[in-house]
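All values below come from the heavy atoms of this structure, side chains included, with hydrogens, waters and symmetry mates left out.
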There are 2 protein chains.
Amino acid sequence: MIQPRPRTIPEATVGRLAVYLRVLTGLADGGRTTVSSGELASAAGVNPAGLRKDLSHLGSCGVRGVGYEVTALRERIARVLGAERSRACVLVGIGNLGTALADYAGFGSRGFRFVGLFDAAPSQVGQEIGGLTVQHMSELEATVAEHEATIGVIATPAEVAQSVCDRLAAAGIRSILNFAPVTLTAPVGVDVRPVDLSVELQVLAFLGQQRTARAAEVTA
Amino acid sequence: MIQPRPRTIPEATVGRLAVYLRVLTGLADGGRTTVSSGELASAAGVNPAGLRKDLSHLGSCGVRGVGYEVTALRERIARVLGAERSRACVLVGIGNLGTALADYAGFGSRGFRFVGLFDAAPSQVGQEIGGLTVQHMSELEATVAEHEATIGVIATPAEVAQSVCDRLAAAGIRSILNFAPVTLTAPVGVDVRPVDLSVELQVLAFLGQQRTARAAEVTA
DNA sequence: AGCCGCTTGTGAACGCAGGAACAAAGTCGC
DNA sequence: GCGACTTTGTTCCTGCGTTCACAAGCGGCT
């Protein structure tokens, strides 16, 4: 059995494919039928050559001299990323951030659907967000099993994030997106992707400070 | 004039330094005085050798045979990252996400302070969040100038993000953290760091799917 | 005082991502 | 029908990040 294409796609490429998918959706809504690599790269903020290399990972899909067909490319990327089928997710921690995430329409159009929202505080339980009712943490395991959810999102305070992570992993969750500002440890077979807003802000500030320092140096 | 140390620190290292800073703060609160590279690396989820290389960018600070002094290392990292002095930030878009960001205490302890919260909807203007009153967009430029803010955060819907970006850049903002799911273009001298939650989720899902596919293949 | 174990800091090798340049291929104009 | 132009797909190369491995240095013990 031959392998149709090298099924290992670099992580950096995957992130950009998701961006291309978003741009292509916008182009399709605008009525565009074809797009060149240069134009698409400009809209996505990347190098044209790099974009073509990214796209080459999923086989030739463009037409030389013309460009890429918008809808065909979009569907192909969606298939590779697995965005065509809906994936069940659960969200733990219904604070401001959790509410924002539960309400965010962008997830639904990308193949993700929340099947459970959980919080430990009784004051939060029962309220309705984005068509779902917030449940108490005690129902976490049952809901995960019922919908066979494989993705979990942690938007809790840092203190309880590790215990939530443990419970999610034990309940069968395989992928965790962590917004809590702590480094989580999960059993093998479960991967955690941290999204730390403070870190992002600090990196941004440092790069800016470094840039201005260099500029001042050149002037001197 | 000699340069005390190579002042170009890799971006990836800066991101990890911010994580070390967080871990060190936790250790200091716990009463620890010294810590070894192995322990710190484990707590931060990175390789010990990589951690030492990261730390070497800011000059030798550890004691061989013992480890690093927690508070000294913390202050040195904070100084390099510029977290010791307070930086003025403005936040545009007071939806659920914007509210979460404005309320997040983690920013303040890292040297960031919001000096202005802005929204275009009159219904949002006037409410108080985290000690600040939400202002109308029309006051954006005046507030930025008054506080000499250099960092801006965009948490608006995608449709208006580019125009907000333009206004921030024109007002004197040099660094922008963008949560809107669009690729922004900014003039030279202004750098934009995108934080796309859908992209993060899609990358996570893809990696999980790839992992399970490979596992199934091995079994076969 | 001298030795031993522990830990840091650095040098080297490896693998990977990014960028530029080029060949292949298809379309449009004549 | 043929040539020129446009655009893709690929290949090479350069630079960066990460990892491994080892020498150097410091504290503690005898």
Side-chain angles (χ1 to χ4, degrees), chain A residues 4-20 24 27 32-70 72-74 76-77 80 199 203 206-207 210, chain B residues 4-20 24 27 32-70 72-74 76-77 80 183 194 199 203 206-207 210:
Chain A
R5 65 184 66 110
R7 91 258 285 129
T8 60
I9 299 182
E11 183 170 330
T13 294
V14 175
R16 285 189 297 266
L17 283 177
V19 175
Y20 305 155
L24 286 167
L27 287 174
R32 288 288 301 270
T33 56
T34 61
V35 67
S36 72
S37 68
E39 197 176 355
L40 189 54
S42 160
V46 299
N47 188 295
L51 182 139
R52 292 199 295 272
K53 183 172 293 190
D54 287 339
L55 261 44
S56 75
H57 281 114
L58 29 89
S60 287
C61 194
V63 180
R64 297 171 192 237
V66 178
Y68 300 90
E69 201 193 338
V70 172
L73 183 59
R74 178 166 63 112
R76 179 172 285 211
I77 294 178
V80 170
V199 170
V203 171
F206 179 81
L207 295 180
Q210 203 175 38
Chain B
R5 66 183 67 109
R7 91 253 286 122
T8 60
I9 300 181
E11 184 171 331
T13 294
V14 175
R16 285 188 297 264
L17 284 177
V19 176
Y20 306 155
L24 286 169
L27 288 175
R32 287 289 299 272
T33 58
T34 61
V35 67
S36 72
S37 68
E39 196 176 356
L40 189 54
S42 159
V46 300
N47 188 296
L51 181 138
R52 290 199 298 271
K53 181 157 289 195
D54 287 339
L55 260 44
S56 75
H57 280 114
L58 29 90
S60 287
C61 195
V63 179
R64 296 169 193 239
V66 178
Y68 300 90
E69 202 196 336
V70 172
L73 183 57
R74 178 166 64 112
R76 180 173 286 213
I77 294 178
V80 170
T183 307
V199 170
V203 171
F206 179 81
L207 295 180
Q210 203 176 35

- Please list, in 5' to 3' order, the outermost nucleotides of DNA chain C lying under 4.0 Å from any heavy atom of chain B.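 So the contact region on DNA chain C extends C:dC6 to C:dA12.
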- Return the nearest nucleotide to the side chain of A:Tyr68; candidates are D:dT8, D:dG27, D:dT19.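 Ranking D:dT8, D:dG27, D:dT19 by closest atom to the A:Tyr68 side chain puts D:dT8 first.
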Any chance you could measure [X], atom [atom1], to [Y], atom [atom2], to the nearest 0.5 Å?
X	Y	atom1	atom2	result
A:Leu40	A:Leu51	CG	CG	5.0 Å
A:Tyr68	A:Ser37	OH	OG	5.5 Å
A:Tyr20	A:Leu73	OH	CG	10.5 Å
B:Ile9	B:Asp54	CD1	CG	9.5 Å
A:Glu39	A:Leu27	CD	CG	7.0 Å

What's the [atom1]-[atom2] distance between [X] and [N], to the nearest Å?
X	N	atom1	atom2	value
A:Leu58	D:dT8	CG	C1'	14 Å
A:His57	D:dT10	NE2	P	10 Å
A:Asn47	D:dG15	CG	P	17 Å
A:Arg52	D:dT11	CZ	P	14 Å
A:Leu40	D:dG9	CG	P	12 Å
A:Leu51	D:dG9	CG	P	10 Å
A:Leu73	D:dT7	CG	P	16 Å

- Message: OP1 or OP2 of D:dG9 versus the side-chain N and O atoms of A:Ser56: is any pair under 4.0 Å?
- Response: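 For D:dG9, OP1/OP2 do not have a side-chain N/O of A:Ser56 under 4.0 Å.
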- Query: Heavy-atom distance under 4.5 Å between the side chains of B:Leu24 and B:Val35, does that happen here?
  - Reply: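 B:Leu24 vs B:Val35: side chains touch.
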- Would you say B:Pro48 and B:Arg52 make side-chain contact, with heavy atoms under 4.5 Å?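 Side chain of B:Pro48 against side chain of B:Arg52, heavy atoms only: contact under 4.5 Å found.
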- Check: D:dT8 base within 3.5 Å donor-acceptor of A:Arg64 side chain: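 Indeed, a donor on one side and an acceptor on the other fall under 3.5 Å apart.
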- Select base, sugar-phosphate, or nothing to describe what A:Gly62 touches, counting heavy atoms under 4.0 Å on all strands.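 Contact class for A:Gly62: sugar-phosphate only.
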- Near DNA chain C, which residues from residues 11-20 of chain A have a heavy atom under 4.0 Å away?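 Residues of residues 11-20 of chain A that come under 4.0 Å of DNA chain C are, in numerical order, A:Arg16.
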- Task: Let me know, please, whether A:Asp54 or A:Val63 comes out on the 5' side of the other along DNA chain C by nearest nucleotide.
- Result: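 Its nearest nucleotide being more 5', the pick is A:Asp54.
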- Query: Quick one: on DNA chain C, does A:Gly50 or B:Leu55 contact a more 5' nucleotide (nearest heavy atom)?
  - Reply: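 Of the two residues, B:Leu55 wins.
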- Task: Search all heavy atoms of B:His57 against all heavy atoms of B:Lys53 and return the closest pair with its distance.
- Result: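 In this case the closest contact between B:His57 and B:Lys53 is ND1-O, 3.3 Å.
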- Would you check, one step at a time, whether the test salt bridge (Lys or Arg N to Asp or Glu O under 4.0 Å) holds for A:Glu69 with A:Arg32? CA-CA 9 Å; A:Glu69 201 193 338; A:Arg32 288 288 301 270; over 6 Å; no
